[in-house]
Amino acid sequence: MPIYGYIRVSTIDQNENRQRDSLQELNIPDNNIYMDKQSGKDFNRPMYKYLVSRLRKGDLLYIKSIDRLGRNYEEIQNQWRILTKERGIDIAVIDMPLLDTRSNKDLMGTFLADIVLQVLSFVAQNEKEAIRKRQMEGIASAKARGTQFGRPVKKPPENFALLVKDWERGRLSFEEALQKSHLKESTFYRRLRELRDNKVK
């Protein structure tokens, strides 16, 4: 029976070694382990899609934990149903032995597995939403304290208006105006626009 493994981390900076180690301990061939570095909000992930296209009835798919499959309650349930019921694939969640479709195939076992899947799917989505809420609260708190996000604003020199006047009157070349203002061309024009807007006001 061909066996496969799936790894997911949310960002390119996150380390997947813990998941990979668990899969390799099961002697899954490296070329049968697929990984996405992408959010679990949906299943529109390139390597997951490719993995599913390779899976055949009777194959076995291992994942470390249910939140590595995804973090959307309804979509986790839907994917589980598609893979196990429609495609006939077995799934084993390493951190939750109850979620192993190879065992407990009787009515009671299936019932218990379905309950566990629903609970863990709910927890996965709830955790995702809690993380997002904490991030938004952190950003709002940082902004309230004056923290600025993105690139720092490059301010023009105090004599910028005089430099502009000399440039406009031909006393300075554009290159000289840039050099004296210590601004890039795009920033120079942006500050020039702001200067003229302030004059209009």
Side-chain angles (χ1 to χ4, degrees), residues 5-24 30-31 33-53 63-76 79 95 121-201:
Y6 179 67
I7 297 170
R8 185 189 67 79
V9 290
S10 297
T11 68
I12 58 174
D13 299 323
Q14 285 187 327
N15 192 315
E16 74 278 4
N17 288 343
R18 188 175 67 90
Q19 296 177 67
R20 189 175 295 279
D21 290 345
S22 294
L23 295 174
Q24 288 177 336
D30 285 339
N31 61 342
I33 297 176
Y34 295 84
M35 179 176 67
D36 282 306
K37 294 196 172 187
Q38 197 169 331
S39 165
K41 64 180 181 179
D42 57 43
F43 284 84
N44 188 26
R45 305 175 220 139
M47 296 313 295
Y48 178 79
K49 285 182 171 180
Y50 182 66
L51 166 63
V52 171
S53 74
I63 54 174
K64 175 68 173 168
S65 57
I66 198 67
D67 63 348
R68 297 306 87 202
L69 184 63
R71 284 193 179 274
N72 181 298
Y73 177 82
E74 291 185 1
E75 292 204 24
I76 291 173
Q79 284 295 312
D95 286 351
S121 301
F122 169 79
V123 170
Q125 177 164 340
N126 194 55
E127 185 180 352
K128 180 195 76 172
E129 292 175 356
I131 290 170
R132 186 174 183 277
K133 184 180 178 182
R134 288 195 297 270
Q135 288 174 337
M136 297 303 291
E137 288 173 347
I139 291 170
S141 176
K143 284 183 176 179
R145 294 194 306 272
T147 302
Q148 293 192 353
F149 294 88
R151 288 183 175 182
V153 176
K154 177 73 173 178
K155 293 183 178 180
E158 292 183 5
N159 65 337
F160 184 65
L162 292 175
L163 291 174
V164 168
K165 187 180 290 186
D166 286 345
W167 167 59
E168 289 176 333
R169 293 181 177 178
R171 295 174 186 162
L172 289 176
S173 68
F174 182 65
E175 288 72 21
E176 289 172 326
L178 284 180
Q179 187 177 9
K180 289 179 179 292
S181 63
H182 305 289
L183 298 174
K184 293 182 178 178
E185 183 175 337
S186 58
T187 309
F188 181 92
Y189 280 118
R190 195 176 304 119
R191 301 295 167 251
L192 176 61
R193 193 160 52 247
E194 291 170 357
L195 179 67
R196 288 173 174 167
D197 287 344
N198 288 333
K199 283 183 179 178
V200 171
K201 293 177 184 177

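All residue numbers refer to positions in the sequence shown, counting from 1. Just so you know, these numbers come straight off a predicted model, no measurement behind them.
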For Glu75, all residues meeting salt bridge (Lys or Arg N to Asp or Glu O under 4.0 Å), sequence neighbours excluded: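 Checked Glu75 against salt bridge (Lys or Arg N to Asp or Glu O under 4.0 Å); zero matches.
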
Within 6.0 Å of CD in Gln179, more than 12 heavy atoms from elsewhere: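 No - once you tally the heavy atoms of other residues, nucleotides and ligands closer than 6.0 Å, there are 12 at most.
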
Any chance CD of Gln14 has more than 12 other-residue heavy atoms, nucleotides or ligands included, within less than 6.0 Å?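 Yes, enclosed.
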
In chain order, what residues pass the side-chain hydrogen bond (donor to acceptor under 3.5 Å, both in side chains) check against Lys49, with sequence neighbours excluded?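 In terms of side-chain hydrogen bond (donor to acceptor under 3.5 Å, both in side chains), with neighbours along the sequence ignored, Lys49 is linked to Asn44.
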
Is there a side-chain contact between [X] and [Y] in this structure, where contact means two heavy atoms from C-beta onward sitting under 4.5 Å apart?
X	Y	value
Asp30	Gln24	yes
Gln38	Met47	no
Arg20	Met35	yes
Val164	Arg191	no

With Glu16, which of Arg68, Lys64, Lys37 fulfils salt bridge (charged side-chain N to carboxylate O under 4.0 Å, His left out)?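 When Arg68, Lys64, Lys37 are each tested with Glu16, the salt bridge (charged side-chain N to carboxylate O under 4.0 Å, His left out) holds only for Lys37.
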
Scan side-chain atoms only and decide if Gln79 and Tyr48 contain a donor-acceptor pair under the 3.5 Å cut-off.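 Side-chain D/A pair, Gln79 to Tyr48: present.
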
Distance (rounded to the nearest 0.5 Å) between [X] [atom1] and [Y] [atom2]:
X	Y	atom1	atom2	answer
Asp166	Ser173	CG	OG	11.5 Å
Leu23	Ile63	CG	CD1	9.5 Å
Leu162	Arg171	CG	CZ	10.0 Å

Do you know which two heavy atoms are closest between [X] and [Y], and how far apart they sit?
X	Y	result
Leu163	Pro157	CD1-CG, 4.1 Å
Leu178	Glu185	CD2-CA, 3.8 Å
Asn15	Val9	O-CG1, 4.0 Å
Arg18	Asp95	NH1-OD2, 4.2 Å
Ala161	Leu195	CA-CD2, 4.0 Å
Gly5	Leu51	O-CD2, 4.4 Å

Stepwise, does the salt bridge (charged side-chain N to carboxylate O under 4.0 Å, His left out) test hold for Glu168 with Lys165? CA-CA 5 Å; Glu168 289 176 333; Lys165 187 180 290 186; over 6 Å; no

Tell me, please, whether Phe43 has Arg45 positioned over its six-membered ring: NZ or CZ under 6.0 Å from the ring centre and within 45 degrees of its axis?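 Here Arg45 passes the 6.0 Å and 45° test against Phe43.
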
In terms of the angle between their ring planes, are Phe188 and Phe160 parallel, tilted or perpendicular, with boundaries placed at 30° and 60°?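 Perpendicular: the ring planes of Phe188 and Phe160 meet at over 60°.
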
